[in-house]
Amino acid sequence: TFITQHLPDQVASYEWDRLRTYAVYVKNICVGKAPCARTESFTRASWTSLQRLAHNQPICPNLRHLSWGMDEAPPDDLITFLGPSIVALRITCFAGRFTLDEYSWQVHLRILFRAVSERATCLQGLWIFLGDVMTPSQVTIPLSQISLPALRSCLLRCGKVTFSDLVMLS
């Protein structure tokens with residue numbers, strides 16, 4: 001059963017306390033325009049408020065599976081959900097909505113992947129679906145610069161993959 005929550009732009013402290021009480025029970029989250037999401041219920045202001053209240057700690061400390069759909073730069077919001085209990089992370093990018101150049105994307109992805117390696121220390125599965133949004137090297141270069149010791153499965157689905165893209169990950 002999916003439970004959908006809508007957050008106000010500014011999360012009141014009593015609502016944050018209530019959220020933290022129930023957040024320990026959350027095991028799976030699907031955010032944004034990921035294939036499993038039923039609605040997009042968080043505004044930019046909601047995320048900013050949650051990040052401020054979380055104090056650099058995972059919002060859901062026992063979260064195991066996170067699916068994230070994005071149609072703009074990799075958000076800091078995703079990092080707010082990363083914690084040592086995450087075993088599966090799925091990132092889906094949507095074509096036609098990206099405004100950043102290749103260098104900017106690599107910077108954002110480098111920050112994201114560094115946070116994944118530092119915070120999601122038990123990550124076993126990483127799935128990245130790009131479509132034709134980015135070139136494989138935009139992902140493989142920053143991904144090759146981190147260590148994910150528990151990783152057992154990595155899937156990169158995108159447009160044309162070259163041999164040099166694969167060498168980056170070896």
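One-based numbering along the sequence shown.
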Distance-minimising heavy-atom pair for [X] and [Y]:
{"X": "Phe113", "Y": "Val139", "result": "CE1-O, 3.8 Å"}
{"X": "Ser147", "Y": "Ser117", "result": "O-CB, 3.3 Å"}
{"X": "Thr121", "Y": "Pro84", "result": "OG1-CB, 3.7 Å"}
{"X": "Pro61", "Y": "Ser85", "result": "O-OG, 3.0 Å"}

Interatomic distance, [X] atom [atom1] to [Y] atom [atom2] [nearest 0.5 angstrom]:
{"X": "Cys60", "Y": "Leu82", "atom1": "SG", "atom2": "CG", "value": "11.5 Å"}
{"X": "Leu63", "Y": "Asn28", "atom1": "CG", "atom2": "CG", "value": "7.0 Å"}
{"X": "Leu53", "Y": "Arg20", "atom1": "CG", "atom2": "CZ", "value": "10.0 Å"}
{"X": "Ile128", "Y": "Trp68", "atom1": "CD1", "atom2": "CH2", "value": "15.0 Å"}
{"X": "Ser13", "Y": "Glu15", "atom1": "OG", "atom2": "CD", "value": "9.5 Å"}
{"X": "Leu109", "Y": "Arg114", "atom1": "CG", "atom2": "CZ", "value": "11.5 Å"}

Are any of the side-chain heavy atoms of [X] and [Y] separated by less than 4.5 Å?
{"X": "Trp127", "Y": "Cys154", "result": "no"}
{"X": "Phe81", "Y": "Ile29", "result": "yes"}
{"X": "Arg119", "Y": "Pro58", "result": "yes"}
{"X": "Ile91", "Y": "Leu112", "result": "yes"}
{"X": "Leu151", "Y": "Leu126", "result": "yes"}
{"X": "Arg110", "Y": "Gln145", "result": "yes"}
{"X": "Arg64", "Y": "Ile86", "result": "no"}

Any chain of hydrophobic side-chain contacts (each under 4.5 Å) joining Val87 to Val116? no

Between the side chain of Asn62 and the main-chain N/O of Tyr25, is any donor-acceptor distance below 3.5 Å? no

Kindly say whether Arg90 contributes a backbone atom to a donor-acceptor pair with the side chain of Ser67 at under 3.5 angstrom? no

